[in-house]
Amino acid sequence: MRPGRRAPVALAAIAVLAGCAARTAPAVRPSDAVRQLRSDLTRVFAGPVASRASWAVDIRSLDRQEVLFQLASDRLVMPASNMKIVTLAAAAELLGWDYRFETSLETDAPVEQGILQGDLIVRGNGDPTINSRNSRADAVLEAWTSALRQEGISEVRGRIVGDDQAFDDEWLGAGWAWDYLQYGYAAPVGALQFDENLAQLTVTPGAASGDPPGVGLSPGAGLAVRNLAVTTLEGSIETLDYRRRLDLPVLEITGAIPAGSPPVVRSVAVVNPTVFFVESLRQALIERGIAVSGPAVDLDDVAAERLGLQAPRRVLVTVASPPLREIGTVLMKMSQNLYGETLVKAVGAAEGGMGTLSGGRARIQALLENWSVGRDECVLADGSGLSRYNYVTARALTTILARMYRDERHRDAFLSTLAVAGRDGTIATRFRGTRAENNAVVKTGSIANVRALSGFVRTRDGEAVVFSIVANDFVLPAATVNSLADVAVETLANFSRR
């Protein structure tokens with residue numbers, strides 16, 4: 001039976017200062033209530049259904065510095081998007097919650113009679129927020145257009161050049177599977193990023209059954225389209241799919257779209273983020289009345305010819321991203337993979353070098369060791385959790401969460417990024433009608449055969465509890481695995497020592 005509902009507990013209550021949680025709890029005899037809690041949780045994770053998965057669970061009282069329940073808490077498991085807990089905690093510590101990315105329009109060419117007599121260069125250090133969320137991309141493009149006009153520029157006689165030298169060109173994460181590289185959640189990371197590096201694929205049905213549908217893909221995606229789809233009878237089922245060829249930059253469209261149906265729009269990960277950015281910028285300037293004569297290009301492709309240009313660049317306009325506290329909210333509540341990958345490279349570049357995955361991982365690993373999380377407890381492959389080379393223990397996750405909770409510099413900002421049970425983010429529809437609703441704040445995790453749920457919850461007595469529940473190696477329906485984790489959190493929300 002699912003635990004009953006209680007009055008919602010305000011999210012702000014989670015942020016009450018907890019006593020300092022030790023990494024290992026003192027040896028004390030558990031109370032009758034704790035023994036009953038452990039028995040209840042054992043039934044959740046030791047039942048016949050749960051036995052079809054490998055579980056790693058660590059649950060601790062933050063107020064009492066007490067281990068409430070453990071199951072293989074030191075087992076290395078794939079965390080999926082629970083890796084974002086590690087990424088954001090490290091970014092908050094190493095960059096600060098007020099950190100902002102910057103993107104500039106620059107040139108080394110003169111302006112004569114309203115014409116920029118050379119290239120317009122856009123230089124960035126990874127801002128992932130120039131996208132459609134809150135119409136920010138439109139606002140940035142309008143600001144840039146206005147700035148160019150203030151400089152007297154009504155035409156660019158040269159090219160739009162993307163300077164992405166702040167990051168390396170390793171766009172994909174280690175351990176990412178080839179068969180999902182076309183999908184939006186596997187978008188590549190770069191120093192210039194527009195609309196989360198997602199092109200728009202539009203499929204429109206043909207006039208009659210048997211006709212090929214019309215297919216369009218946003219310019220700059222870097223992919224040619226091979227249309228293998230077909231139009232079927234009106235009222236039939238839409239079965240469209242798409243995959244990226246490994247041997248060629250080709251996107252194959254397959255399946256069926258019913259005649260008379262509205263166009264189907266899907267997001268496709270681009271090949272080169274920089275080319276996609278500059279192509280999008282070029283089009284936007286033209287649409288806003290600033291003519292551009294030259295093409296949109298990656299600086300890497302024209303660097304040799306630009307070596308002869310001796311004039312120093314001058315900055316025409318710079319825009320700053322929202323602060324990390326806002327970026328972190330999208331990262332965690334929406335589980336946005338691109339943001340996680342960007343933050344790791346930003347951490348790597350923070351000391352003046354190029355933003356690389358290896359540099360970011362090294363700095364994060366060193367920080368974790370200072371936080372008493374050893375290299376054998378957290379193996380970092382990427383920043384999002386998409387890689388199947390990531391491994392972490394449940395106890396490492398609760399250690400990091402507890403540190404964020406008890407540090408006054410981080411607590412409120414970090415907690416505000418987490419999804420609220422039954423209210424928003426990736427758990428907007430979970431926990432409704434239970435004491436965990438509007439109480440638990442969590443990060444979910446999901447890749448094939450992996451589900452994770454880690455965060456904080458208040459018990460019936462108001463006691464703050466940190467937990468990490470990770471399941472690997474299952475062939476059960478994912479909904480069944482999620483429901484077991486949910487029951488465990490609901491059990492914690494119903495726990496009372498009285």
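Heads up: numbering here begins at 1 and tracks the sequence.
- For the pair T145 and E287, the minimum side-chain heavy-atom distance is 4.5 Å or more.
- Screening E196, K84, E341 for a side chain to side chain donor-acceptor pair (under 3.5 Å) with Q336, the sole residue that qualifies is E196.
- Each ring pair (Phe, Tyr, Trp, His ring centres under 6.0 Å) pair with one or both residues in residues 220-253, not counting sequence neighbours, appears once here: Y183-Y242.
- Listed by chain and number, the residues in a salt bridge (charged side-chain N to carboxylate O under 4.0 Å, His left out) with R403 amount to none (sequence neighbours excluded).
- Between R411 and M404 the shortest side-chain heavy-atom distance does not fall below 4.5 Å.
- Evaluation of the salt bridge (charged side-chain N to carboxylate O under 4.0 Å, His left out) test over residues 443-455, restricted to residues two or more places apart or in two chains, returns none.
- With S468 as the fixed residue, the side chain to side chain contact (heavy atoms under 4.5 Å, CB included) test singles out one of I85, L397, V442, V77: L397.
- Partners of R325 according to the salt bridge (charged side-chain N to carboxylate O under 4.0 Å, His left out) rule, which considers only residues two or more places apart in sequence or in another chain, are D98.
- Every residue meeting the salt bridge (charged side-chain N to carboxylate O under 4.0 Å, His left out) condition with E142, not counting sequence neighbours, appears here in chain and number order: R288.
- There is a side-chain donor-acceptor pair under 3.5 Å between D164 and T274.
- When the side chain to side chain donor-acceptor pair (under 3.5 Å) test is applied to T417, no partner is found at least two apart in sequence or on another chain.
- Side chains of D382 and W176: a donor on one and an acceptor on the other come within 3.5 Å.
- Between the side chains of N472 and S54, not a single donor N or O lies within less than 3.5 Å of an accepting N or O.
- Residues passing the side chain to side chain donor-acceptor pair (under 3.5 Å) test with E279, sequence neighbours excluded: none.
- Residues satisfying the side chain to side chain donor-acceptor pair (under 3.5 Å) test with D138, not counting sequence neighbours, are none.
- Scanning for salt bridge (charged side-chain N to carboxylate O under 4.0 Å, His left out) contacts around R226 gives E252, with sequence neighbours left out.
- The side-chain heavy atoms of D163 and V122, taken from C-beta on, include no pair separated by under 4.5 Å.
- Using a 4.5 Å cut-off on side-chain heavy atoms (C-beta onward), E155 and S293 make contact.
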Anything under 3.5 Å between a donor and an acceptor, one on a side chain of residues 198-205, the other on a protein residue two or more places apart or in another chain? List them.
none

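- Applying the salt bridge (charged side-chain N to carboxylate O under 4.0 Å, His left out) rule to pairs touching residues 165-192 yields D168-K345, sequence neighbours excluded.
- For the pair N82 (side chain) and T444 (backbone), a donor-acceptor distance under 3.5 Å is present.
- Here the rule is salt bridge (Lys or Arg N to Asp or Glu O under 4.0 Å) with D119, and of R282, R159, R157 only R159 fits it.
- Evaluation of the side chain to side chain donor-acceptor pair (under 3.5 Å) rule for Q193 yields N197, T342 as partners, not counting sequence neighbours.
- Contact check for N390 versus V379: no side-chain heavy atoms found under the 4.5 Å cut-off.
- Side-chain contact between L76 and V392 is absent, with no heavy atoms from C-beta onward closer than 4.5 Å.
- A distance below 6.0 Å separates the ring centres of Y99 and F101.
- At a threshold of 4.5 Å between non-hydrogen side-chain atoms, the residues L105 and L120 count as touching.
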